[in-house]
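Reminder, nothing fancy here: chain letters follow the sequence lines and each chain counts from 1. Model, not experiment: these values are computed from the prediction.
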There are 2 protein chains.
Amino acid sequence: MATGRTHRPATRSRGIPEATVARLPLYLRALTALSERSVPTVSSEELAAAAGVNSAKLRKDFSYLGSYGTRGVGYDVEYLVYQISRELGLTQDWPVVIVGIGNLGAALANYGGFASRGFRVAALIDADPAMAGRQVAGIAVQHSDDLEKIISDNGVSIGVITTPPGVAQQVCDRLVAAGVTSILNFAPTVLSVPDGVDVRKVDLSIELQILAFHEQRKAGEEHEGTAAPAAPHHDSDEQGPDGDVPAVMPA
Amino acid sequence: MATGRTHRPATRSRGIPEATVARLPLYLRALTALSERSVPTVSSEELAAAAGVNSAKLRKDFSYLGSYGTRGVGYDVEYLVYQISRELGLTQDWPVVIVGIGNLGAALANYGGFASRGFRVAALIDADPAMAGRQVAGIAVQHSDDLEKIISDNGVSIGVITTPPGVAQQVCDRLVAAGVTSILNFAPTVLSVPDGVDVRKVDLSIELQILAFHEQRKAGEEHEGTAAPAAPHHDSDEQGPDGDVPAVMPA
DNA sequence: ATGTCTTTGTGAACGCGTGCACAAAGATGG
DNA sequence: CCATCTTTGTGCACGCGTTCACAAAGACAT
């Protein structure tokens with residue numbers, strides 16, 4: 001995970017724990033791979049190994065969905081694929097808009113994972129007039145002036161923000177006002193949204209810093225010297241005011 | 001968040017809880033913004049609001065680092081920036097390699113967040129001979145034949161994998177064998193690594209599916225009809241064998 | 001110096017998530 | 001029909017993370 005985790009605090013939606021929901025896509029991916037190899041059934045042990053989790057955890061996760069297994073045999077792959085897909089809401093079509101077509105936005109637009117599994121890129125939106133009309137991943141980029149109309153015309157409820165951090169909150173506000181209730185945020189900003197709107201963030205910078213922490217732990221542990229100076233040197237090299245950086249997010 | 005979270009199971013490194021480590025980058029970002037506005041001190045309440053967390057949680061987090069605040073006043077911004085940076089290991093230089101220079105790899109190479117905060121893109125690596133020598137973000141792409149040499153010559157310990165999922169495990173194995181001990185994985189694959197190697201994954205597809213789950217919950221709840229058919233229709237539209245997709249990850 | 005006011009640091013309780021370990025259930029063979 | 005074997009589903013205990021609530025600590029004014 002990426003990931004960060006900023007959405008519903010501790011609300012368990014209809015008995016399915018949040019931690020379980022976060023693992024269902026993992027199971028689904030492993031099951032889809034088995035399905036493509038025409039494997040009919042799979043045991044919790046095998047599937048758990050494929051998904052990289054504990055088998056007891058997997059069984060408990062599935063128990064929240066219902067009793068879909070057969071003791072002594074395992075789980076029917078096709079049936080489970082369908083059940084999980086349905087539970088995750090992937091049997092319906094989810095139109096998605098991407099706002100901010102820089103390097104990252106373009107990469108996501110080209111991302112094959114959108115097309116499969118019910119997600120469909122309904123529109124690409126950018127504030128730069130020079131971008132409007134250009135084709136990215138076979139889709140014409142539209143200007144952000146038309147954001148509200150695009151959202152309502154397409155019935156979009158999921159938005160992806162890949163803008164510079166300085167404008168992320170404004171974009172978010174407009175998306176929410178237009179009817180979007182789920183946001184995937186790639187900009188390094190804390191978004192504030194009204195109740196009922198889910199935000200998940202993906203933050204490369206944070207992931208790297210967490211890795212660096214553990215890396216330092218692994219490498220260090222012998223030379224615990226170098227006391228802290230009283231006047232720290234403020235290590236960011238002052239690369240201009242925040243909020244007007246290229247297209248992908250700065251630290 | 002993002003991300004998913006697959007690294008150290010429950011090991012608390014020297015008393016700092018994993019959950020706290022994951023929030024330190026958030027605090028650091030908020031503090032850096034304050035620092036740029038020359039704000040001298042900040043209270044736990046203000047800083048918590050800026051970072052989007054509970055103030056009690058923030059105070060407890062900081063208490064693991066030591067007593068850096070002043071009662072009745074708050075925290076010294078500059079001092080705290082330094083302390084957190086040091087704790088996260090950001091006062092040293094971390095050379096990073098990116099393997100797989102497709103759309104996403106290129107986007108990350110251009111990502112400003114690398115340059116600041118101690119991270120430096122030491123090399124870009126791709127398996128395609130046609131890519132070798134081309135400049136991406138001002139850095140020459142090198143062929144993956146030289147992966148081991150690049151790692152050891154630059155003393156790289158952090159690797160970023162943005163390859164198609166079919167080759168992610170091989171790339172991972174080679175990175176680890178060459179000395180990399182922290183991996184940020186963007187490929188939708190479960191990587192298996194030996195003990196002592198940290199893996200964090202960022203998975204767009206999983207994040208979207210989690211959003212879809214909650215979105216379905218919000219929208220539904222009234223028409224709980226449409227019983228499950230016995231023979232599910234296997235909704236992925238069979239877009240070819242897994243493992244040979246463009247450059248960014250499929251579902 | 002003393003009192004008041006603000007804000008930190010933390011003890012304690014609670015809830016969620018994880019993993020063990022086993023009983024129940026069904027398949028399979030004789 | 002019965003015995004055996006495999007695998008699920010889950011009760012239970014434990015540990016981590018979160019939050020409340022308050023005592024301790026310092027700033028500041030008088």
Item checked: Test side-chain contact (heavy atoms from CB on, under 4.5 Å) applied to L211(B) and T181(A), V160(A), D198(A), I183(A), the passing residue ->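 Of the listed residues T181(A), V160(A), D198(A), I183(A), the side-chain contact (heavy atoms from CB on, under 4.5 Å) partner of L211(B) is D198(A).
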Next item on the list: Sugar-phosphate means primed atoms, P, OP1 and OP2; the rest is base. With that split, encode nucleotides 2-9 of chain C 5' to 3' as B, S or - using protein heavy atoms under 4.0 Å.
Entry: ----BBBB
Note to self: Between E46(B) and L34(B), does the side chain to side chain contact (heavy atoms under 4.5 Å, CB included) criterion hold? Intermediate values first, please.
What the structure shows: CA-CA 11 Å; E46(B) 293 166 327; L34(B) 290 173; over 6 Å; no
Note to self: Testing the 3.5 Å rule here: is there a donor-acceptor pair between the side chains of T32(B) and E36(B)?
What the structure shows: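 There is no such pair (donor and acceptor under 3.5 Å, judged by atom type) between the side chains of T32(B) and E36(B).
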Check: Going by atom types only, do T20(B) and D61(B) share a side-chain donor-acceptor pair under 3.5 Å?
Finding: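 Judged by distance alone, the side chains do pair up.
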Checklist line | Side chains of L184(B) and L208(A) in contact at under 4.5 Å (non-hydrogen atoms) | finding: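 Side chain of L184(B) against side chain of L208(A), heavy atoms only: contact under 4.5 Å found.
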Value in whole Å for how far the [atom2] atom of [N] lies from [atom1] of [X]:
X: L58(A); N: dT18(C); atom1: CG; atom2: C1'; answer: 13 Å
X: D61(A); N: dC16(C); atom1: CG; atom2: P; answer: 16 Å
X: E18(B); N: dG17(D); atom1: CD; atom2: P; answer: 8 Å
X: K57(B); N: dG17(D); atom1: NZ; atom2: P; answer: 11 Å
X: L65(B); N: dT10(C); atom1: CG; atom2: C1'; answer: 15 Å
X: N54(B); N: dG15(C); atom1: CG; atom2: C1'; answer: 15 Å

Check: Taking 4.0 angstrom as the limit, do R29(B) and D203(A) come out as a salt bridge?
Finding: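 So R29(B) pairs with D203(A) through a salt bridge.
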Check: When you measure from the side chain of A56(B), which nucleotide among dC20(C), dC20(D), dG17(C) comes out closest?
Finding: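 Shortest atom-to-atom distance from the side chain points to dC20(D).
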Checklist line | Phosphate OP1/OP2 of dT10(D): any K60(A) side-chain N/O under 4.0 Å | finding: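 Checking dT10(D) against K60(A), no side-chain N or O comes under 4.0 Å of OP1 or OP2.
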